[in-house]
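Read the structure below first, then the notes.
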Amino acid sequence: METLSDLNTFAKILTDKGYNGYFHTQGAYAGKLKESISDYLESCQKGKDSLSKQDLLLTGYLQWSGDDKPRVECSMWVKYLNGKFSLNKMEVARKDQFGQLLKKSELTNLSVISAPKAAEVVALVNDEQKQKAGKSPKRFKL
């Protein structure tokens, strides 16, 4: 299910799906999706980084409410081949304020077209405690 796109198309499709926050490409080059990837590729051309693998790792937050609140992190493995990009795999993790994993979901066999919207991905790992008050133990009344 591989769809190859140029950087502008690739970034526009994902941005339109809600992936509009800041990302890191290969653990550095912070910026919006397109800028982060562009900065990394530019650095590779200048010889500062090497494009040793054809897979790029993009990481970022899909939901952030502050250091003291849980957050949703997203990692995308993007295949880069001859100036074209395709999305391979996505991993979404909900972590608490201390970085401990609360819930994780992995999506494989993706393409940039078939990738779910950011809100749908967040919902996969964001199942809040459903109706805490309604789940009280049964009590007998006399």
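Note that these values count all heavy atoms, side chains included, but never hydrogens, waters or copies made by symmetry.
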Quick one: closest heavy-atom pair of V121 and M90, and the distance? CG2-SD, 4.1 Å

List the residues meeting side-chain hydrogen bond (donor to acceptor under 3.5 Å, both in side chains) with E35, not counting sequence neighbours, and say none if there are none. none

Which atom names give the shortest non-hydrogen contact between S75 and T59, and what distance separates them? OG-CG2, 3.6 Å

Is any side-chain N of the basic residue among E73 and R71 closer than 4.0 Å to the acidic one's carboxylate O? yes

Between M76 and C74, what is the shortest heavy-atom contact and its length? CG-SG, 4.0 Å

Any L58 side-chain heavy atom under 4.5 Å of I37 side chain: yes

If I compare all heavy atoms of F10 with all of S5, which pair ends up nearest, and what's the gap? N-CB, 3.9 Å

Would you please name every residue forming a side-chain hydrogen bond (donor to acceptor under 3.5 Å, both in side chains) with K34, sequence neighbours left out? N8

Rounded to the nearest 0.5 Å, what separates atom CG in L56 from atom CG in L41? 6.5 Å

How long is the gap from CG on D68 to CG on D96, to the nearest 0.5 Å? 11.5 Å

With rounding to the nearest 0.5 angstrom, report the NZ to OH distance, K32 to Y22. 4.5 Å

Please check if the side chain of S36 supplies one atom and the backbone of L33 the other of a donor-acceptor pair under 3.5 Å. no

Are any non-hydrogen side-chain atoms of D55 and N88 less than 4.5 angstrom apart? yes

For residues 11-20, which side-chain N or O atoms pair as donor and acceptor with protein atoms under 3.5 Å away, sequence neighbours left out?
from: K12; atom 1: NZ; to: D16; atom 2: OD2; distance (Å): 2.9
from: T15; atom 1: OG1; to: A11; atom 2: O; distance (Å): 2.7
from: K17; atom 1: NZ; to: V112; atom 2: O; distance (Å): 3.3
from: K17; atom 1: NZ; to: I113; atom 2: O; distance (Å): 2.6
from: K17; atom 1: NZ; to: A115; atom 2: O; distance (Å): 2.5
from: Y19; atom 1: OH; to: P116; atom 2: O; distance (Å): 2.7

CG-CG distance between N82 and D6, expressed to the nearest 0.5 angstrom: 13.5 Å

One should read off an interatomic distance between L110 CG and T108 OG1, to the nearest 0.5 angstrom, of 7.0 Å

Identify the heavy atoms of K104 and L101 that sit nearest to each other, and give their distance. CB-CD1, 3.9 Å

Please say yes or no: joined through hydrophobic side-chain contacts below 4.5 Å, possibly via intermediate residues, are L107 and F23 part of one cluster? yes

Is there a donor in the side chain of D67 and an acceptor in the side chain of Q97, or the other way round, less than 3.5 Å apart? no

Quick one, L124 with V92, criterion side-chain contact (heavy atoms from CB on, under 4.5 Å). Give me CA distance, side-chain angles, the key distance, then yes/no. CA-CA 8 Å; L124 289 174; V92 185; 5.8 Å; no

What orientation do F85 and Y80 show, parallel under 30°, tilted 30 to 60°, or perpendicular over 60°? tilted

Note: T25 and Y29 closest approach over all heavy atoms is O-CD1, 3.5 Å

